[in-house]
**Q** 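Before I ask anything, here is the structure I am working with.
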Amino acid sequence: MLVVGPAPHVNGSCSKGNSVFAAFSAVSVRRRVAARLATAALVPGLVVAGVFTTAGTAVAEEAPQGPGGATATMDGLKTYGTAIVRENGEEQQVSAGLFEMSVEDGGMLQTYCVDLHNPTQRDARYHETPWSGTSLSGNKDAGRIRWILQNSYPQVNDLAALAEKAGAAGLSEQDAAAGTQVAIWRFSDGADVEALDPQAEKLADYLQRSARNLAEPAASLTLDPPAVSGPAGERLGPVTVRTNADSVSVTQAAAAAADGVKVVDEDGRAVTSAVNGSRLYFDVPDDAVAGSAELTLQASTTVPVGRAFASETRSQTQILAGSSESTVSAVATANWAGKGAIPAVSAQRNCAEGGVDITAANEGDEPFTFELMGIKHTIAAGTTETLTIPLQEDQAYDFTVKGPNGFEKRIKGVLDCATETAAGESGDSVQTLSEPSPMTAGGTSTGGTDLAATGSSDATPLIAGIAIALVVVGGGAMLLVRRKKTPPQE
C-alpha cells in the first residue's frame, strides 16, 4: 500500500526573501491545490488514498533510498550575500550562498543548493545521492556545476587570486559565496539571476563563462548490490565495495553471528575491514534456519566535491562544495532459506523515469510472487527484475514488499526530481505564504539566523488530507519492468 504523508512544515528557503512570493494568499494556495486535484481527476483510473494507515504486526525492514555514503542534517545558510531573481516580469531579492550540514557520527559539509525555488526545512535529514536520483538527472549542464564547485569558493579560498581571475576589485567570503551560488543557479535551474554586489556578479559571470562539463564524482561509499539472497549452505554475494576511503570497517548483526553466519572474502576468510573493490560474501551454514542478516560498512573520509544530497522530505536538493573528514556508511542485506523462493529487494529513486526503481532478485528454486499497489508480480527462480513505479513530483510514498518466511522490505521517501520552476510550468506548484530573508535586504552575514522563517497556510489541512497515489490504467499499475538473468555466483 502506498501512503502519502502530510505536507512537511517549511522552515526556510535558500532563496526566497521579502519578494513577490510573500504576496501569495491562502486563496491562491487553495486554487493551486484545486488545480492539481482537477488535473488528477482527468487521469483515467487515478487512485486517491487517505493518509492514514494501520501498522501491521510485523515490522518491515526499511530499504535504503540510496546505496550508501554520508547522511547529514541541515544546519542552515551560513555565508551568503544577496541575489536578484527575475521571473515572469517580477524581481525578487534572495539570499544566495553556502549552507552547512552536520554529518551523522562526525563531520561537516558545505553545500550550495541546486533547487532554487523549493523550500528548505530546518533540521532536514539528507543522504548522499547519485545525480540520477535528483533534479540534476538529465541536466546537460550538471558537469559544469561540478567545475564551478572545484574552481570557486570554498575550494578556492585564496579570494585575491579568485578575484583576479574574475576581474573583480576584491571579494569577501560573502561575495564569493553569493557569486558562486548565482553561477550554479544559472545551470541548475536555468534561472535569470544576478548577484546584487557588482564584484560577486563579476565572479558569477566568470564562472559561467569558464565552466566545463565534468563527469559525476564517484560515491564516498557504496555497495553493489545492496541486497543479496540464496540457499542456506552457500556463500551469498558478492557485495562489491566502492569507496574513496583508504579502508572501511565491516560489522555484522550479533544475531546473525550467533546463528553461525559470517561475512567472508572470496577465499572464505572472515573479514572485519575492506577496501575499494573488495568483494564480500555472507557465509550461511547448511543448517541455518530461513532468515536474514545485514552487514554495515563505515569509514572516515572526505566526500567528493559535486556529490548531490537529497532530503528524506521535500527540502531542496544540495550539492557538495566542501567536506571535512566525515563518517560515511552503507548497509547490505542477505536473505536465505533451504528451499522455495528466496528474495532480495532494494530500491532507489529514478528521476529519468519519474519514479522509484524496486529491484527484486530471486535466488530460490521457486517463483517469488509479491503484491505491490494491488498488482501481483512474479519473479522467476534465478532472475532479477526492476520495477519502476511512476510517481507524481513531490509525492510521498510508503510501501512494503512481502515474501516467504516473514520477509518484508519497507520502502519510503519523497519523489523530488524537478525544480519548482519546471514543475510550476503546469501551474500546480504550491508556494508558502511568506518567507522573510534571514538578513536585511542588501546586507550580508556569516553567522546569523540559519534559515528564513516561513509563514503557514490555512490550506495546509487540505494539502495534508489528500494523497495522490499511482496512475492505474485498465486495472494495471503503470510499472516499467526490466528483466535480467542473475549471473552465476562466483
Side-chain angles (χ1 to χ4, degrees), residues 1-5 7-8 32-33 35-49 63-67 114-119 127 129-142 188-190 216 308-317 319 345-360 372-375 377 385-399 401 411-430 463 466-474 476-483:
M1 176 179 184
L2 180 132
V3 180
V4 180
R32 278 187 293 276
V33 174
R36 176 174 290 192
L37 294 178
T39 301
L42 297 176
V43 181
L46 186 68
V47 178
V48 180
Q65 290 304 292
V114 289
D115 207 358
L116 171 61
H117 293 288
N118 276 335
H127 298 285
T129 305
W131 289 356
S132 61
T134 73
S135 58
L136 295 175
S137 175
N139 184 335
K140 63 181 179 58
D141 292 320
S188 65
D189 293 71
E216 178 179 2
F309 280 78
S311 174
E312 294 180 343
T313 54
R314 188 172 179 263
S315 187
Q316 66 190 14
T317 305
I319 192 163
V345 175
S346 60
Q348 191 167 341
R349 278 183 292 219
N350 179 348
C351 286
E353 299 292 349
V356 176
D357 282 349
I358 299 179
T359 300
L372 185 62
M373 304 305 301
I375 307 298
H377 306 276
E385 292 185 14
T386 297
L387 313 174
T388 301
I389 302 178
L391 299 170
Q392 187 179 21
E393 177 68 13
D394 301 329
Q395 182 178 343
Y397 53 89
D398 187 352
F399 40 81
V401 176
I411 300 161
K412 62 182 294 188
V414 174
L415 188 74
D416 186 4
C417 289
T419 62
E420 195 172 85
T421 298
E425 290 174 358
S426 62
D428 62 358
S429 62
V430 177
I463 299 170
I466 297 172
I468 305 300
L470 297 182
V471 177
V472 178
V473 178
M478 294 170 60
L479 301 180
L480 306 180
V481 182
R482 297 188 293 281
R483 288 183 172 83

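Below, each value reflects all heavy atoms present in this structure, side chains not excepted, and no hydrogens, waters or symmetry copies. Predicted model, so just to flag it, every value in this text is computed and none were measured.
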**Q** Taking atom NE2 of His377 and atom CD1 of Ile358, what is their separation to the nearest 0.5 Å?
**A** 8.0 Å

**Q** Quick check for you: to the nearest 0.5 Å, what is the distance between Leu116 atom CG and Thr419 atom OG1?
**A** 8.0 Å

**Q** Do Thr388 and Asp357 have side-chain atoms, one donor and one acceptor, less than 3.5 Å apart?
**A** yes

**Q** Return the CD1 to CG distance between Ile389 and Leu415, rounded to the nearest 0.5 Å.
**A** 11.0 Å

**Q** Please assess Phe399 against Leu372 for the test side-chain contact (heavy atoms from CB on, under 4.5 Å), listing each intermediate value before the final yes or no.
**A** CA-CA 8 Å; Phe399 40 81; Leu372 185 62; 3.7 Å; yes

**Q** Which distance, rounded to the nearest 0.5 Å, do you find between the OG of Ser132 and the CD of Glu353?
**A** 11.0 Å

**Q** Could you tell me which residues satisfy side chain to side chain donor-acceptor pair (under 3.5 Å) with Ser135, sequence neighbours excluded, listed by chain and number?
**A** none

**Q** Does Asp141 have any side chain to side chain donor-acceptor pair (under 3.5 Å) partners at least two apart in sequence or in another chain, and if so, which?
**A** Arg144

**Q** What I want to check is whether the side chains of Thr359 and Thr386 have a donor and an acceptor closer together than 3.5 Å.
**A** yes

**Q** Looking at every non-hydrogen atom in both residues, tell me the closest pair between Val114 and Ile319 and how far apart they are.
**A** CG1-CG2, 3.6 Å

**Q** If you compare all heavy atoms of Ser137 against all heavy atoms of Ala352, which two are closest, and at what distance to 0.1 Å?
**A** OG-N, 3.5 Å

**Q** Looking at every heavy atom in both Cys351 and Gly133, which two are closest together, and how far apart are they?
**A** SG-C, 3.4 Å

**Q** Mind listing the closest non-hydrogen atom pair of Arg349 and Tyr397 along with its distance?
**A** CG-OH, 3.6 Å

**Q** Between Ser315 and Thr313, is there a side-chain donor-acceptor contact under 3.5 Å, judged purely by atom types and distance?
**A** no

**Q** Determine yes or no for a side-chain-to-main-chain donor-acceptor pair under 3.5 angstrom, with Thr134 supplying the side chain and Trp131 the backbone.
**A** yes

**Q** Say whether, by atom type as modelled, one donor and one acceptor occur between the side chain of Asp115 and the main chain of Gln316 under 3.5 angstrom.
**A** no

**Q** Assess, by modelled atom type and distance only, whether the side chains of Glu312 and His127 contain a donor and an acceptor separated by less than 3.5 Å.
**A** yes

**Q** Has the side chain of Glu393 got a donor or acceptor atom that lies under 3.5 Å from a matching backbone atom of Ala418?
**A** yes

**Q** Could you state the interatomic distance from CG (Asp416) to CG (Leu391), rounded to the nearest 0.5 Å?
**A** 12.0 Å

